[in-house]
Engineer: 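Pasting in a structure now, in structure tokens, and then I'll have a few things to ask.
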Amino acid sequence: MYALVDCNNFYVSCERVFAPQLEGRPVVVLSNNDGCLISRSDEAKALGLKMGEPYHLVRPLLMQHQVRVFSSNYALYGDMSRRVVQVLSHFAAGVEVYSIDEAFLDFQGMRLLAPDLLAYGIRVCETVKQHTGIPTCVGIAPTKTLAKLANRLARKQGTGGVLLLETPAQCQEALALAPVESIWGVGRRYARKLKEMDINTGAQLAALPEHWLRRHMGGVVGQRLWRELHGQPCHDWNPVEWDEADHQLPTSHASRHSAVCTRSFGRPQHEPAVLAEAVATFAAKAAEKLRRHGLVAHLVTVILGTDKYAPVAGPSTYTAAIALPRATSNPTLLTRAALDGLRQLRRPGVAYHRAGVLLSGLEPMGQAPQLDLFTAPAPDHARSEKLTATLDSLNARFGRQLVRLAAAGVTKDAEGNDQQPVWAGRAAHRSPLYTTRWDELWQVS
DNA sequence: TCTGGGGTCCTAGGACCC
DNA sequence: TCTGGGGTCCTAGGACCC
């Protein structure tokens, strides 16, 4: 058995923890660059506001109904997510973090400890709410796919936000209630195809022959979906590992294949120097992510994007890949490669709307075989490793990007005040970093 | 003027290797 | 006229997830 714990309207709920007066009022959170709506309170959903809707199109509606708007604040959401996972870790032998607002719990054999699984699930919800302020729902079922389904139904039909599907009959009943597009693994395309065949519910999908899903729904992916719907677990299990020394960051053993940092600019940019600072910043952030996971990369891909909504033919995304002689997570080497890529890619006079850096060809640090027999390790390799480690610990202690490469640019004015780089995205409504910055702590008066 | 970011898996086809 | 078999790696594209 698996339990899926899902935080309700997660980003909005995080904002409400520190602004309880917004309880019961319509609230939305915007994507990076204040682009689209990515989290909505129940009241905002009731106004007809849709997930992913462009902010500039619904602005009049938001003003009309006095909807409270937030720019996204990932430092806050990431920290709240970590707290939720920490609470969950006390309730199961294993926790798999699936996304920033969802986690699976290993409930195998849980019956022995908690004969009443439903009551146990309710206790999970209550404890998370009490310890973090975040409301959740829990779905419990024999497979991850069925647990997702149970979770989806839990809010409306569950007990205290919890729904337990245990017997085949219970699973069948739930599947019959589920629109086919709500099944985990059935996206827009497959949903349309299925509806054309008059397959409208999860139960109808599960009733198709296994080989049909293999043939028409992505090969083994479809086959796995069929089996999961029939109670046979097919998905991997990748629990987080708690580092005893540093209880801050759980790390997953799931292998990662890439680390990427891309951003839209607040306004289009064509200046080489500005683009270089942005790309250097993204390279450093992606490299930091790599080191956090103990990985090194073989390949650096620089991404530049023009206006993807412009009514012109041709692609809006351009990439240049730089292969490294040796896999590394060193920010200096990765930034240098990224800037090389940028020089290859950039076309004079073209206005770019976004940029990014993708690191791939990943391997665990220390195990990477040397690709180039004739390139000796740099003589200052050890010093440079030490420098990187020092940089990471300074940034961990005093705030992200406090110490960085000069290539990433300077964002202080003459008086030493923080200043946004010219390429920075819009974030007009960001809340304070209540839990991760000393000078932005929540104040109670 | 204004439309996010970060991932996964699978398949097919081409280049290249012995 | 006839043109193997078994691989790897890379890229692009399509599907999905949050």
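In what follows, every chain begins at residue 1, and chains take the letters A, B, ... in the order their sequences are listed.
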Engineer: Measuring from A:Tyr11:OH to A:Asn73:CG, what's the distance to the nearest 0.5 Å?
Structural biologist: 10.5 Å
Engineer: Check every strand shown and say whether A:Leu225 touches a base, only sugar-phosphate, or nothing at a heavy-atom separation below 4.0 Å.
Structural biologist: nothing
Engineer: For B:dT8 and A:His257 - does any side-chain N or O of the residue sit under 4.0 Å from the phosphate oxygens OP1/OP2?
Structural biologist: yes
Engineer: Specify the separation, in whole Å, of atom CG of A:Leu194 and atom C1' of C:dC16.
Structural biologist: 14 Å
Engineer: Which atom pair, heavy atoms only, marks the closest approach of A:Ser258 to A:Leu358?
Structural biologist: CB-CD1, 3.8 Å
Engineer: With a 4.0 Å cut-off on heavy atoms, is A:Arg426 in touch with a base, just the backbone sugar-phosphate, or nothing at all?
Structural biologist: sugar-phosphate
Engineer: Report yes if at least one side-chain N or O of A:Lys308 is closer than 4.0 Å to OP1 or OP2 of B:dG4; otherwise report no.
Structural biologist: yes
Engineer: On the nucleotide C:dC18, are OP1 or OP2 found under 4.0 Å from the side-chain N or O atoms that A:Arg152 carries?
Structural biologist: yes
Engineer: Just checking A:Tyr190: base, sugar-phosphate only, or nothing, at a heavy-atom cut-off of under 4.0 Å?
Structural biologist: sugar-phosphate
Engineer: Among the nucleotides C:dC18, B:dG4, B:dT3, which one has an atom lying closest to any side-chain atom of A:Ser264?
Structural biologist: B:dG4
Engineer: Which is true for A:Arg59 with a 4.0 Å heavy-atom rule: it touches a base, it touches only sugar-phosphate, or it touches nothing?
Structural biologist: nothing
Engineer: Please state whether the phosphate of B:dT8, meaning OP1 or OP2, lies under 4.0 angstrom from any side-chain nitrogen or oxygen of A:Arg256.
Structural biologist: no
Engineer: Assign A:Asp34 to base, sugar-phosphate, or nothing according to its heavy-atom contacts below 4.0 angstrom with the strands shown.
Structural biologist: nothing
Engineer: Can you tell me if A:Arg267 touches the phosphate of B:dC2, counting only side-chain N or O atoms and a distance under 4.0 Å to OP1 or OP2?
Structural biologist: no
Engineer: So what does A:Lys289 hit on the nucleic acid, given a heavy-atom distance under 4.0 Å: a base, only sugar-phosphate, or nothing?
Structural biologist: sugar-phosphate
Engineer: So, A:Glu440 and A:Arg430, do they make that salt bridge, N to O below 4.0 Å?
Structural biologist: yes
Engineer: If we take the C1' atom in both B:dG4 and C:dC17, what is their distance in whole Å?
Structural biologist: 15 Å
Engineer: Between A:Gly35 and A:Cys261, just flag the one whose closest nucleotide in DNA chain B comes earlier from the 5' side.
Structural biologist: A:Gly35
Engineer: Using a 4.0 Å heavy-atom cut-off, does A:Ser72 contact any base of the nucleic acid, only the sugar-phosphate backbone, or nothing at all?
Structural biologist: nothing
Engineer: So, is A:Ser258 near the phosphate of B:dT8, with a side-chain N or O under 4.0 Å from OP1 or OP2?
Structural biologist: yes
Engineer: Indicate whether OP1 or OP2 belonging to B:dT8 is found under 4.0 Å from a side-chain N or O atom of A:His235.
Structural biologist: no
Engineer: Rounded to the nearest Å, what distance is computed from the CZ atom of residue A:Arg214 to the P atom of nucleotide B:dC10?
Structural biologist: 11 Å
Engineer: Select one nucleotide: of B:dG6, B:dG4, B:dG5, the one nearest the side-chain heavy atoms of A:Arg354.
Structural biologist: B:dG5
Engineer: Expressed in angstrom and rounded to an integer, what is the separation of A:Tyr318 atom OH from C:dA12 atom C1'?
Structural biologist: 16 Å
Engineer: By nearest atom, which of the nucleotides B:dT3, C:dC18, B:dC10 is closest to the A:Val220 side chain?
Structural biologist: B:dC10
Engineer: Indicate, with a heavy-atom threshold strictly under 4.0 Å, whether A:Glu102 touches base, sugar-phosphate, or nothing.
Structural biologist: sugar-phosphate
Engineer: What distance do A:Trp184 atom CH2 and A:Thr145 atom OG1 have between them, rounded to the nearest 0.5 Å?
Structural biologist: 5.5 Å
Engineer: Please answer whether B:dT3 and A:Tyr309 are stacked, defined here as ring centres separated by less than 5.5 Å and planes angled under 30°.
Structural biologist: yes
Engineer: Determine the contact category for A:Lys144: base if any of its heavy atoms lies under 4.0 Å from a base atom, sugar-phosphate if only primed atoms, P, OP1 or OP2 are that close, otherwise nothing.
Structural biologist: nothing
Engineer: Under 4.0 Å between a side-chain N/O of A:Lys148 and OP1 or OP2 of C:dC17, yes or no?
Structural biologist: no
Engineer: A:Trp184 has an atom CH2; how far is it from atom P of B:dC9, in whole Å?
Structural biologist: 12 Å
Engineer: Among the candidates C:dC18, C:dC16, B:dG6, find the nucleotide nearest to the side-chain atoms of A:Thr262.
Structural biologist: B:dG6
Engineer: Any side-chain to backbone donor/acceptor pair from A:Glu102 onto A:Ser99? Under 3.5 Å, distance only.
Structural biologist: no
Engineer: Let me see the working for A:Arg227 and A:Glu210 under salt bridge (Lys or Arg N to Asp or Glu O under 4.0 Å), right down to the final yes or no.
Structural biologist: CA-CA 8 Å; A:Arg227 293 193 178 182; A:Glu210 183 176 352; 2.7 Å; yes
Engineer: What is the distance, rounded to the nearest whole Å, between atom CG of A:Asn33 and atom P of B:dG6?
Structural biologist: 12 Å
Engineer: So what's B:dC18 paired with, Watson-Crick or G-U wobble, going by both distances under 3.5 Å?
Structural biologist: C:dG5
Engineer: Need to verify one output field. Residue with the more 5' nearest nucleotide on DNA chain B, A:Gly218 or A:Gly52?
Structural biologist: A:Gly52
Engineer: A:Gln223 has an atom CD; how far is it from atom P of B:dC9, in whole Å?
Structural biologist: 18 Å
Engineer: Checking side-chain polar atoms at under 3.5 Å, does A:Asp79 have a donor or acceptor matched by the opposite partner on A:Thr435?
Structural biologist: yes
